[in-house]
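Report on the following structure.
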Amino acid sequence: MDNRPNFLRLPDRSVKPRTIGLTHVLDKGVPLLEVESVTGKANEYIDIWKLGWGTAYLDSELSEKLDRLHERGIQACVGGTLLEAAWLQRREADCLDWAAEVGVPCVEVSNGAAGMPMRDKRRLIQEAARRFVVISEVGSKDPSAPVSAFEWADEIAGDLEAGARWVLTEGRESGTVGLYSHDGRVREDLVAGLVDRVGVAPVVFEAPRKEQQAWFVRRFGPNVSLGNVPPDEVIGLESLRLGLRADTLPVPEGVAKAQVRP
Amino acid sequence: MDNRPNFLRLPDRSVKPRTIGLTHVLDKGVPLLEVESVTGKANEYIDIWKLGWGTAYLDSELSEKLDRLHERGIQACVGGTLLEAAWLQRREADCLDWAAEVGVPCVEVSNGAAGMPMRDKRRLIQEAARRFVVISEVGSKDPSAPVSAFEWADEIAGDLEAGARWVLTEGRESGTVGLYSHDGRVREDLVAGLVDRVGVAPVVFEAPRKEQQAWFVRRFGPNVSLGNVPPDEVIGLESLRLGLRADTLPVPEGVAKAQVRP
Amino acid sequence: MDNRPNFLRLPDRSVKPRTIGLTHVLDKGVPLLEVESVTGKANEYIDIWKLGWGTAYLDSELSEKLDRLHERGIQACVGGTLLEAAWLQRREADCLDWAAEVGVPCVEVSNGAAGMPMRDKRRLIQEAARRFVVISEVGSKDPSAPVSAFEWADEIAGDLEAGARWVLTEGRESGTVGLYSHDGRVREDLVAGLVDRVGVAPVVFEAPRKEQQAWFVRRFGPNVSLGNVPPDEVIGLESLRLGLRADTLPVPEGVAKAQVRP
């Protein structure tokens, strides 16, 4: 069915199942029909489908959603806040059992919302990794929390050692904390310091805004892993990765700006 | 069909038909298919479905929308600006007749757009209340209009006496006027003064933004009535009400922040 | 099937096929199902459906999208950045051949992203106009680029002479460049200077935000052509055009503001 055009040279792009260049979508509770229509079109562009925070707990269509995602080669993932909420009530084992029972292949383990000690986070990563692909998360959801490349790198290394497959770096749905200043700008020193220490490959940068996605693609190329992408922005992100949008269009040096006038 | 998980203790939540804790959705003119998919999933979480401002007048699928909402136990409501527009042309009786004829169960009566005198607003509430559930609205859509808790409380009391079932407090779709300053922050003194005088129960606070919704849930608990919720944020709001999102996760005092480090 | 209400006097509105008062939608890569549901409802309100930047190149459902749009009397248009990307690789002829082959009726010719010289832009307009309806675009996507009414008017005149049917004025999807300052406000002097020179009719003003749309409707009436309208805001825009939303409600002078109090 590939009757798509091929008149352009495009950058090399990783293909599914991807280990780098992941697109990680944040589902804030969309209807089943939207899952079907979005993933029908873009299934080759979506790797992880995160059922945001505790929405999976409320979702009367969860079972059908999981079926559809599975059929289309997309890994559904339970949001980390649900496991944090369960941990606060000492029900984390029940939470993981439920996730296994409903057939979610992937679980996020975070500690940014409930003040979970690191030893509990690591224990949860280890336990979850026996049955699930684990994505851990570093960073607080509190915009006033201090952020340090050294501490994040250290935490990422420990999470990976405990069994996490990838590590999300916090940006939230808003793109205004963690990786970003309150106005959404990338904290470039933080990213540079982080990548110096752990590399790009294990990190999924939460990047909900187009400008943020474009920054990461310009900085690390098309195969950077990006997270918290809105479902209806998946094709837009793919076009950014491939240089098909103004923000990442590969304009040759020198040729360009001077020639704008007739 | 309730095969949903139950491993968490959640706060008590009012159930339909609700008198408190309403979720009031703002439909800016979405297609019928989106009404069907959104309300299929979240029908137990949606109480009022507002056909924003004059969109119902233009909607070629109105009849099917109303059928679908009725089937799912959701009350459709005509936006107040349509009745204000009719009032400006002295056609308010025709507007109410039309609403009755097409079968809308609920009508909003506002005076924030057309400068309608209070006596006309009250007369319209009385007339509409004979055939419809009436939701009135207080507050101007003009961001520079002065806002007073005393005057709003007074107007709310009068609207209720005239026959309004609930009263919306203005925030618009943008969340930047009335209840909110221009940057979207809640005017906390206004809300406190208002609730002191009329209580929480009769008020539906327009709260289009997640941060605004979270503020009201933290302040008044899960069963505060919130309005102008975007259709695709209904599940997100329900998760906020139930403490399943970081913004409202019930983290015990003292336990938390100190333990974040390993 | 026109059982819509008619109790209001509304301003005269152009009808399809429109030469003025166009609504030009920006599709950032929505699924086929959304095209179907949006255009089913609002087909009489949508004139041009722009497949934004290079998304058409990636769209596995392009053929079905084009069929659906054609059936509903809506002209699909390839975004200008795709042709700019092709021009950078000297494949512009292939790009136009492909567009003709898949059956896109309309092509955008822009030079805001790749620094294309004006002579190449004009040549592309001429070539494209042999097979397509051509919409050209003026303005840079660079927020720091200087903007001059005189130069834009000059470029618009030249584009029209070369064969463009309408000319888009840049605002981007964000509404923060070209016609707008970085905070989204309309550059009123620019618009006035532009319209003085070329009139309103040939221009499609990119106006993604509601406040921007409302400004143009208040300034130029219901039949101003507006572009980069999000698919789910089409009905909202139509209600703005017709004075059915607070922002454009025709409130008589003097009657209004003084009467708000009882």
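None of these values were measured; they are calculated from a predicted model. To find a chain, count down the sequence lines: A is the first, B the second, and so on, and within it residues start at 1.
Heavy-atom pairs under 4.5 Å with chain A were tallied for B:L10, B:D247, B:T39; the largest tally goes to B:D247. Chosen from A:L58, A:D120, A:D94, A:L32, the residue pairing most often with chain B at heavy-atom distances under 4.5 Å is A:L58. Interface summary for chain B: among A:E155, A:E101, A:K28, A:K121, the most heavy-atom pairs under 4.5 angstrom belong to A:K28. Comparing A:A56, A:C95, A:G52 by heavy-atom pairs within less than 4.5 Å of chain B, the highest count is held by A:C95.
Residues A:W53 and B:S239 have side chains that bring a donor and an acceptor to within less than 3.5 angstrom of each other. Between the side chains of B:W215 and B:E188, at least one donor-acceptor pair of N or O atoms lies under 3.5 Å.
A:R172 touches chain B through its side chain: at least one heavy atom from C-beta onward sits under 4.5 Å away, while N, CA, C and O do not. Only the side chain of B:L249 comes within contact range of chain A, with at least one heavy atom under 4.5 Å from a heavy atom of that chain.
With sequence neighbours left out, B:K65 forms a side chain to side chain donor-acceptor pair (under 3.5 Å) with B:D27, B:D59.
The side chain to side chain contact (heavy atoms under 4.5 Å, CB included) with B:H24 is formed by just one residue from the set B:I46, B:L168, B:L226; it is B:L168.
Residues of residues 228-236 of chain B placed with any heavy atom under 4.5 Å of a heavy atom in chain A are listed by number as B:E233, B:I235, B:G236.
With respect to the salt-bridge test (charged N to carboxylate O, under 4.0 angstrom), the residues A:K141 and A:E84 do not qualify. Electrostatic pairing of A:R68 and A:E64 does not count as a salt bridge here, judged by no charged N lying under 4.0 Å from a carboxylate O.
In this structure a side-chain-to-backbone donor-acceptor pair under 3.5 Å is missing from A:E170 to A:E137.
Taken from CG in B:D67 to CG in B:L62, the straight-line distance is 9.5 Å, to the nearest 0.5 Å.
Shortest non-hydrogen contact noted between B:A246 and A:T81 is N-CG2, 3.8 Å.
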